[in-house]
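Working notes, beginning with the structure itself.
None of these values were measured; they are calculated from a predicted model.
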Amino acid sequence: MSIDYISELNANQFAAVMYNEGPSLVIAGAGSGKTRVLTYKIAYLLENGYNPWNILALTFTNKAAREMKERIGKKVGERLAGRLWMGTFHSIFSRILRAEATRLGFTSKFTIYDTADSKSLIRSIVKEMGLNDKLYQPGNIQARISNAKNRLVLPSAYAASKEVCERDNADKMPAVRDIYSRYWERCRQSEAMDFDDLLFYTFILFRDFPEALEKYRAQFRYVLVDEYQDTNYAQHTIVSELSKLSRMLCVVGDDAQSIYSFRGANIDNMLDFPDMFPQTKIFKLEQNYRSTQTIVNAANSLIEKNERQIRKAVFSEKERGEAIGVFQAYSDMEEAQIVVNKIVEMRYSKGYEYADFVILYRTNAQSRAFEEAMRKRAIPYKIYGGLSFYHRKEIKDAIAYFRLIVNPNDEEAFKRVINYPARGIGNTTLGKIIDSAISRHVSLWQVIAEPATYGLDISKGTLSKLRAFRELIETFMEMQVEKNAYEVGVEVIRKSGIMNEILRGDTPEDMSRKENIEELANGMHDFCSERLEEGNTNVSLADFLSEVSLLTDQDLDKEGDDKKVTLMTIHSAKGLEFPNVFVVGLEENLFPSGMAESPQAMEEERRLFYVAITRAEEHCFFSYAKSRLRYGKMEFSSPSRFLRDIDTCYLSFPEEAGISAQVDERANNFRNKQRDRKIVFSPKPAASHTLKRVGVSSPSSASRSSSPLPDLQVGQMIEHERFGVGEVMKIEEAGDNTKATIHFRNAGDKQLLLRFARFKILNM
């Protein structure tokens, strides 16, 4: 199939695709067709003398790799595309490591530990060392070990680093070096690698075995890397080593979207790329095909305030579009009501579906108010990046059995299933097994396989239970030699007792767990069927585990999610796009984060805001609250400095903080009254009226009931601390229990017990 590159690509895309004379850096602005360039470039290479196995294409998500492979398949044929070395860093490097495992002292069936496995092992080590688990929290320890590995620092080098040890001592965690050392050794004993190890051991392989490096240098004649601004030191180092001689390296990304420094991503990998690879050809993709001109221009006016960047002039030739609406709310509760009302109003007036809306926030904790507001309005929604299918307990239990069958030395899998379902092997026995394994430097499985050899001191009854468990696993291990992943999986679910354990309960939760296990079996069946159709006649349990262990939340489709409003953090939104975007919580110390103290950190926060804006295709809205409930206390806040970074010609500050979905006569009259009284919602507080504060005591205060009640009258306007501005519609006199019905513009009708109500009367 001949590809008409000239007519299918714009001038800059065409130039980037055709260049094949050395290292190239493609700066791809938001929505500029980055995936298109990578797709066409790989297709071009395949048409011009490159075999598919000579091309290495690295991505950050399986979803991105699948999308590109599908597009390439349509251009050059699925057979060629299917033979490309294309995938995530972790999936490609795990493939290399399984082929070269013996060089590093592993077998090809090593286990890949996920985050939960790593934390569990660290927790065990902390306990074994008798350390304070309040100081040595697994998440914190794991982050330090991960950071060390991403900087390619071995346990010995970590312990020898004066700077690192001084930091740990200052944090009252001097034993981190010892935990890291034990963790490293225990992973090796368990034939396991965590996600960071997949990078680290690939580096070690190429460093210590020059013949392996030369082998893969010769194989990968051309290396392409997507989202290069997100690479860490380890990834950058490995890519550099592979490309050092051929210099046929193309990296694509956008420094303006570098937002993952907390994961080890280093923006300097992109900014300094031309210095690290002399004679680099730079291409800039500046036409945005996603967003309106207004959205693109607003984003440009924001990001130009950053000092450290590769300058580019992103533009759009789409329609001009509406200005970005800026909504001010009295509280986080009213902010949620404003956003939800706007979604309802746009759905009915413009014909959008719920899936056309996304609410982006800086922190996960912000979702609560929006969830409550949508539940009250019966609006379907989803939390993107929530608990995924493969992270549910019953699924992890089954997966742990699969892992132990494939690799009996897997310590974390062993500990998870040794007594699940309960078989009379308690923590005391497990502790003895662990102690014996540690003292003899062997795996837990080796101890129960030869208990006498390793001095396991247990009763005959317990020994019998361990033997039964070992024989059960060995039966499954023998089974996997002849049966495929699905057949083994079904047998494990049946014979391990997992399904019987679940079926004992009859609660809705138990039914959900049963359905999840059944869905796991369905997924394994589909996995085997798809691989069989591709020509793989031996789809093993190890193959299934390799696929599952590398899945991320982005790669999992959830049923019905195409009909729901999406809620997510801005970090999770990277790479996605929606017709309508709400960026909420634009307040100082929230966005930008109060922890962004350095100029570099503040610039990353600004890049994060840039990413949020550029997710929008048609409409974008900003909102902020004047007060926010934190730690059970109302705190007042000021608008984010980032709002001042955007040219005001691209913003709209409406008199109202949102448009109510209610369009009845009363609501219209209410809005008219507000305009007449000049009660406006704008970046600057209105000063044309006086305020009288009432109801300031805590609801739990016993003295509040004796305080004089506010002299409230029907038709008056009030400003409530949480619900915003409202009109008094009705008063029911009953002494201390006097109630008022207030119609709030965004929160609707509320009945307030006045002695506890927190509001101000607006007097003209």
Kindly determine whether E412 and R416 satisfy salt bridge (charged side-chain N to carboxylate O under 4.0 Å, His left out), including the steps that lead there. CA-CA 6 Å; E412 293 308 304; R416 189 175 186 101; over 6 Å; no
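- Taking the six-membered ring where tryptophan is involved, the planes of H571 and Y260 are tilted, since the angle between them lies from 30° to 60°.
- Contact annotation: the side chain of W85 approaches that of I96 to within less than 4.5 Å [non-hydrogen atoms, C-beta and beyond].
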Would you check, one step at a time, whether the test side chain to side chain contact (heavy atoms under 4.5 Å, CB included) holds for I448 with I433? CA-CA 7 Å; I448 70 165; I433 296 171; 3.8 Å; yes
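- Looking at heavy atoms from C-beta onward, K75 lies in side-chain contact with E8 at the 4.5 angstrom threshold.
- Taking Y233 as the reference, nothing meets the ring pair (Phe, Tyr, Trp, His ring centres under 6.0 Å) condition, with sequence neighbours excluded.
- Under the side chain to side chain donor-acceptor pair (under 3.5 Å) criterion, Y44 pairs with no residue at all, not counting sequence neighbours.
- With rounding to the nearest 0.5 Å, the separation of CD in E547 from CZ in F527 is 5.0 Å.
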I would like to know whether T115 and S118 meet side-chain hydrogen bond (donor to acceptor under 3.5 Å, both in side chains); could you show each step before the answer? CA-CA 5 Å; T115 301; S118 297; over 6 Å; no
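- E491 has its side chain out of reach of T475: every pair of non-hydrogen atoms, C-beta onward, lies at least 4.5 Å apart.
- Distance OG/S91 to CG/N62: 5.5 Å, rounded to 0.5 Å.
- Between R403 and I399, the closest side-chain pair of non-hydrogen atoms falls below 4.5 Å.
- No side-chain heavy atom of R71 sits less than 4.5 Å from a side-chain heavy atom of L38.
- Once rounded to the nearest 0.5 Å, the distance linking CD1 of I473 with CZ of F414 reads 9.0 Å.
- For the pair R144 and Y180, the cation does not sit on the ring face, since its NZ or CZ is not both under 6.0 Å from the ring centre and inside 45° of the axis.
- Between E501 and Y420 there is a side-chain heavy-atom pair separated by less than 4.5 Å.
- Of the candidates L444, V417, V492, L404 forms a side-chain contact (heavy atoms from CB on, under 4.5 Å) with just one, namely V417.
- Judged by the 6.0 Å and 45° rule, R423 forms no cation-pi pair with F469.
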Below 3.5 Å, can you tabulate the donor-acceptor pairs from side chains in residues 198-213 to any protein atom, sequence neighbours excluded?
{"residue": "Y201", "atom": "OH", "partner": "R188", "partner atom": "NH1", "Å": "3.0"}
{"residue": "T202", "atom": "OG1", "partner": "L198", "partner atom": "O", "Å": "2.6"}
{"residue": "E211", "atom": "OE2", "partner": "R103", "partner atom": "NH1", "Å": "2.9"}

Walk me through whether M68 and T59 qualify under side chain to side chain contact (heavy atoms under 4.5 Å, CB included). CA-CA 10 Å; M68 276 196 282; T59 68; 3.3 Å; yes
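- Atom CG of N54 sits about 12.0 Å away from atom CE of M248, to the nearest 0.5 Å.
- Qualifying side chain to side chain contact (heavy atoms under 4.5 Å, CB included) partners for E128, counting only residues two or more places apart in sequence or in other chains: S124, I125, R182, R186, I434, I438.
- With contacts defined as side-chain heavy-atom distances shorter than 4.5 Å, the pair Y183/I122 qualifies.
- For F476, the ring pair (Phe, Tyr, Trp, His ring centres under 6.0 Å) test picks out no residue, with sequence neighbours left out.
- Residue pairs meeting the side-chain hydrogen bond (donor to acceptor under 3.5 Å, both in side chains) criterion with at least one member in residues 435-444, sequence neighbours excluded, are N409-S443, S443-Q446.
- Rounding to the nearest 0.5 angstrom, the gap separating the OG atom in S120 from the CG atom in D114 is 10.0 Å.
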